[in-house]
Protein chains: 2
Amino acid sequence: MVTPLYQAKAELFRTLGHPARIRILELLAERNHAVHELLDAIEIEPSNLSQQLAVLRRAGLVSQHRDGATVVYSLSVPDVRDLLVAGRGILLAILSDQDSLRAELRPARRRSR
Amino acid sequence: MVTPLYQAKAELFRTLGHPARIRILELLAERNHAVHELLDAIEIEPSNLSQQLAVLRRAGLVSQHRDGATVVYSLSVPDVRDLLVAGRGILLAILSDQDSLRAELRPARRRSR
DNA sequence: TTCGCATATGACGATTTCTTCATGTTAGGC
DNA sequence: GCCTAACATGAAGAAATCGTCATATGCGAA
């Protein structure tokens, strides 16, 4: 299976495109977490959490290892932190854009064009 | 509509989670492009391209302006480049992981566990 | 004004993703 | 061994996404 680069990239981003998976990665970016810790931190059904973790595993973004009865997850690619940070930056940029746009449209005073 | 931050972040990444949209953004990261230029560079139906551009517009990632009969698109959030670069880094990390794993599994020599 | 090119929009079936529920597996306490 | 807790997996319906087709709009040339 020869996957073009841009398609692999799209799949990577799509893997991040889910609220639960984002939260998981952000928690793992802080420190390793056991599944039950993630479960406490995120509002989600246990089986759903397992599914989302499986998605991240298949994508190669996280790894697991057993510690007695619990399973601990960690980021297997540290650079994921960069992505999350960059994502936050973009969000802020977009939101402030929207705010200034809103501010521009709302008041009585108008600008040309 | 009060959107939690992690959900907005997930939507941002989902917006990037499509091969055509990735290609569009990469082209726009180089320089502004008219729609027909994108059309030449990407293998895609014109109407499909318009749809993908609309998705990117709604997400606030690109902006358009008319120039005569053609429409020129540009990145409205320059930081998108950071995301693309970070994405490439992660891909490379994952791929080299897989390669070393493959190399480890393939040959006759075995390791414990 | 009429034509044709460049682009956008709407709608529809096909596929994919998501959530939930039921069930399976592993490990430690008794 | 038996029970329970901690996770994982499989299946199935609901919802979202994708690509295509038909159609609409904006603009310049003739």
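In the text below, chain A, chain B and the rest are named by the order of the sequence lines, each starting its count at 1.
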Enquirer: With a cut-off of less than 4.0 Å, is there a side-chain N or O of B/Gln52 near OP1 or OP2 of D/dG19?
Expert: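 Yes, such a contact exists.
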Enquirer: Please state how far atom CG in A/Leu39 lies from atom C1' in D/dA5, giving the value in whole angstrom units.
Expert: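 It works out to 12 Å between those atoms.
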Enquirer: Please check the phosphate of D/dA6 (OP1 and OP2 only) for any side-chain N or O of A/Tyr73 closer than 4.0 Å.
Expert: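 Result: no.
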Enquirer: Can you list, in residue-number order, the parts of residues 10-29 of chain B that come under 4.0 Å of DNA chain D, counting heavy atoms only?
Expert: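 Those residues whose heavy atoms fall under 4.0 Å from DNA chain D, taken from residues 10-29 of chain B in numerical order, are B/Arg14, B/His18, B/Arg21.
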Enquirer: Can you tell if the side chain of A/Leu27 reaches within under 4.5 Å of the side chain of A/Ile42, non-hydrogen atoms only?
Expert: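 A/Leu27 reaches A/Ile42 side chain to side chain.
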Enquirer: Would you tabulate the pairs of protein nitrogen or oxygen atoms and nucleotide nitrogen or oxygen atoms of nucleotides 9-13 of chain D closer than 3.5 angstrom?
Expert:
| unit_1 | atom_1 | unit_2 | atom_2 | d |
| --- | --- | --- | --- | --- |
| D/dG10 | O6 | A/Gln51 | NE2 | 3.0 |
| D/dA11 | N6 | A/Gln51 | NE2 | 3.4 |

Enquirer: Tell me, do A/Ile94 and B/Leu61 make a side-chain contact under 4.5 Å, heavy atoms counted?
Expert: yes
Enquirer: Measure CD/B/Glu45 against C1'/C/dA8 and give the value in whole Å, please.
Expert: 15 Å
Enquirer: Is it true that B/Val62 and B/Leu49 fall in one hydrophobic cluster, defined by side-chain heavy atoms closer than 4.5 Å?
Expert: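 Yes, B/Val62 and B/Leu49 fall within the same hydrophobic cluster.
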Enquirer: Please tell me if the side chains of B/Gln64 and B/Val72 come closer than 4.5 Å, counting only heavy atoms from C-beta onward.
Expert: no
Enquirer: Check the distance between C/dT7's P and B/Leu53's CG and give it to me in whole angstrom.
Expert: 10 Å
Enquirer: Which residue lies toward the 5' end of DNA chain C, A/Gly68 or A/Val55, if each is placed at its nearest nucleotide?
Expert: A/Val55
Enquirer: Specify the separation, in whole Å, of atom CZ of B/Arg58 and atom P of C/dT9.
Expert: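 It is 8 Å, rounded to the nearest whole Å.
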Enquirer: Under 3.5 Å, is there a donor-acceptor pair between the side chain of B/Thr70 and the main chain of B/Ala34?
Expert: no
Enquirer: Could you state the CG-C1' distance from A/Leu56 to C/dC18, rounded to the nearest angstrom?
Expert: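 Taking CG of A/Leu56 and C1' of C/dC18, I get 14 Å after rounding.
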Enquirer: Determine: side-chain N/O of A/Gln64 to OP1/OP2 of D/dA8, distance under 4.0 Å, yes or no.
Expert: yes
Enquirer: Membership question, hydrophobic clusters at under 4.5 Å side-chain separation (ILVMFWY): are A/Leu83 and B/Leu5 in the same one?
Expert: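 The answer is no; the residues belong to distinct hydrophobic clusters.
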Enquirer: Hey, is B/Glu37 close enough to B/Arg31 for a salt bridge, meaning N to O under 4.0 Å?
Expert: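 A salt bridge is present here (some side-chain N lies under 4.0 Å from a carboxylate O).
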Enquirer: To the nearest angstrom, how far is B/Ile44 atom CD1 from C/dT7 atom P?
Expert: 13 Å
Enquirer: Could you work out which one of C/dA8, C/dT7, D/dC7 sits closest to the side chain of A/Val71?
Expert: D/dC7
Enquirer: Taking the side chain from A/Arg81 and the backbone from A/Ala29, do they hold a donor-acceptor pair closer than 3.5 Å?
Expert: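 Judged by distance alone, yes, a pair lies under 3.5 Å.
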Enquirer: Rounded to the nearest angstrom, tell me the gap between atom CD in B/Gln7 and atom C1' in D/dA16.
Expert: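 About 14 Å, once rounded to whole Å.
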Enquirer: NA contact type, A/Glu37, heavy-atom cut-off 4.0 Å: base, sugar-phosphate, or nothing?
Expert: nothing
Enquirer: Can you hop from B/Val77 to B/Val55 via hydrophobic side chains spaced under 4.5 Å?
Expert: no
Enquirer: Taking CZ from A/Arg66 and P from D/dA6, how many angstroms apart are they, rounded to a whole number?
Expert: 12 Å
